[in-house]
> 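Below are the structure tokens for one structure; questions will follow.
As the structure is a prediction and not an experimental result, all values here were calculated from the model.
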Amino acid sequence: MNKKIYYSLGAVALALFIILTIIVKLHYTHSPMPYIDPYLQAAAWHLQDNTFLIQVSSIVAVLLGDALGAVVALIIIGALFIKDKVSAIWLALVSGIAVGGNALIKLIIGRERPELHRFPAFFDQTGKSFASGHTTFAVVLFGCLFFILLQYLTSIWSKYLAGLVTLFLIFLTMFSRVLLWVHYPSDTLGGLLWGVSIICFTYPTYLYYKKRVLQAS
């Protein structure tokens, strides 16, 4: 494994996230970001008549929300800890850093959520908008699970399939937040970049301790 690749990817993701964060803070705490938000929001609004998409998005909202999302994470971490303590600790640390850091970022940026076409069931959605907590959580949860699973996959096709499923789940989460009009697209982009940066910066350390444990066993 070339650690520089992951550190470089993490640095690029973090730099893009910082740039996006500064732009939002300076100009768009109460409005959409031009060229990114309006067109995607308009497309999402036209899809709100699709009952299936709304149902899927609502399920994602609940499963990855603050309360149930924490329960889901604890169950997965607990199950992992029985068989693979290093992986469980890595997932717990990455989730804590990413989600906790994102909560602080939301307070600092203070971006208001979009309201114009928000789906009625989510009118009472509270909290600030940037960056998307659901997206951040989806990135670190599914991303970490992908890298953990990668060690046990032998064929190149199974690795590609796992990667495609991971990307699908992450982008489904991003799409669902925009479809329900509880986030701007730029919020979900911020959550994606923030989560990716945390994974990339910590993955080499995870592999180091994973290797040590395997060598000691």
Side-chain angles (χ1 to χ4, degrees), residues 1-18 20-21 60 63-106 131-174 176 188-217:
M1 179 205 69
N2 190 341
K3 293 189 293 185
K4 291 183 179 179
I5 293 177
Y6 292 100
Y7 289 142
S8 297
L9 288 174
V12 170
L14 183 59
L16 292 174
F17 174 73
I18 291 173
L20 179 62
T21 301
V60 170
L63 285 178
L64 300 182
D66 292 341
L68 195 53
V71 173
V72 170
L74 287 174
I75 291 174
I76 294 174
I77 290 168
L80 267 176
F81 194 80
I82 298 172
K83 295 287 186 179
D84 188 349
K85 291 181 174 59
V86 175
S87 295
I89 292 171
W90 180 53
L91 176 57
L93 287 175
V94 170
S95 298
I97 293 170
V99 175
N102 189 65
L104 180 60
I105 291 166
K106 283 191 174 191
S132 167
H134 279 70
T135 301
T136 298
F137 181 59
V139 170
V140 296
L141 177 64
F142 300 131
C144 285
L145 289 176
F146 166 71
F147 282 114
I148 293 169
L149 181 63
L150 203 60
Q151 304 165 70
Y152 302 99
L153 299 177
T154 55
S155 72
I156 189 67
W157 295 112
S158 62
K159 294 178 181 179
Y160 278 129
L161 179 61
L164 288 173
V165 171
T166 300
L167 290 174
F168 171 77
L169 292 172
I170 291 172
F171 285 110
L172 174 63
T173 304
M174 296 173 69
S176 72
T188 64
L189 177 59
L192 173 68
L193 293 171
W194 173 242
V196 167
S197 68
I198 301 299
I199 290 178
C200 288
F201 281 132
T202 58
Y203 184 58
T205 303
Y206 159 69
L207 286 184
Y208 170 76
Y209 283 103
K210 182 74 175 178
K211 184 178 180 181
R212 285 188 57 179
V213 169
L214 290 175
Q215 290 175 339
S217 61

> Count the heavy atoms of every other residue, nucleotide or ligand shown that sit under 6.0 Å from NZ of K211, and state whether that count exceeds 12.
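Open.
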> Between S197 and W194, is there a donor-acceptor pair closer than 3.5 Å when you use the side chain of the first and the backbone of the second?
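Present.
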> Are I105 and F17 side-chain neighbours, meaning at least one heavy-atom pair lies under 4.5 Å?
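In short, these two side chains touch, coming nearer than 4.5 Å.
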> Which residue in the set N102, L193, I97, V139 passes side chain to side chain contact (heavy atoms under 4.5 Å, CB included) when paired with I198?
I97
> Side chains of S87 and Y206 only: does a donor on one sit below 3.5 Å from an acceptor on the other?
yes
> Could you label the plane-to-plane angle of the W90 and Y203 rings as parallel, tilted or perpendicular, counting under 30° as parallel and over 60° as perpendicular?
tilted
> Considering residues, nucleotides and ligands other than Y7, do more than 12 of their heavy atoms fall under 6.0 Å from its OH?
yes
> Mind checking the CZ-CG spacing from F147 to L207? Nearest 0.5 Å is all I need.
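Taking CZ in F147 and CG in L207, the distance rounds to 9.0 Å.
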> Quick one: closest heavy-atom pair of S132 and T188, and the distance?
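That would be CB-CA, 3.9 Å.
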> Using every non-hydrogen atom in the two residues, find where L189 and M174 come nearest and quote the distance to one decimal.
N-CE, 4.1 Å
> Go through F201 and L14 one step at a time and tell me if the side-chain contact (heavy atoms from CB on, under 4.5 Å) criterion holds.
CA-CA 10 Å; F201 281 132; L14 183 59; 3.9 Å; yes
> Does the pair R212 and V86 meet the rule for a side-chain contact (heavy atoms from CB on, under 4.5 Å), with working shown?
CA-CA 10 Å; R212 285 188 57 179; V86 175; over 6 Å; no
> Pick from L80, V94, L93: which one makes a side chain to side chain contact (heavy atoms under 4.5 Å, CB included) with C144?
V94
> At what distance, to the nearest 0.5 angstrom, does CZ of F137 lie from CG of L63?
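It comes to 9.5 Å.
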> Testing the basics here: between I199 and V140, what is the closest heavy-atom pair and its distance to 0.1 Å?
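Looking at all heavy atoms of both residues, the closest pair is CD1-CA, 3.8 Å.
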> Measure the spacing between CD1 of I170 and OG1 of T136 and express it to the nearest 0.5 Å.
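One finds 11.0 Å between CD1 of I170 and OG1 of T136.
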> Mind listing the closest non-hydrogen atom pair of A131 and K106 along with its distance?
O-CE, 2.8 Å
> I need the T21 OG1 to L16 CG distance, nearest 0.5 Å.
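T21 atom OG1 to L16 atom CG measures 10.5 Å (nearest 0.5 Å).
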> Shortest non-hydrogen contact from L9 to C200?
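Between these two residues, the closest heavy atoms are CB-SG, 3.9 Å.
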> Can you tell me how far apart CG (L169) and CG (L164) are? Round to the nearest 0.5 Å.
11.0 Å
> About how many Å separate CD1 of I156 and CG of L161, when rounded to the nearest 0.5 Å?
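These two atoms lie 12.0 Å from each other.
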> Hey, does D84 have a side-chain heavy atom less than 4.5 Å from the side chain of K210?
yes
> Specify the closest pair of heavy atoms between A162 and L149, including all atoms of both residues, with the distance to one decimal.
CB-CD2, 4.3 Å
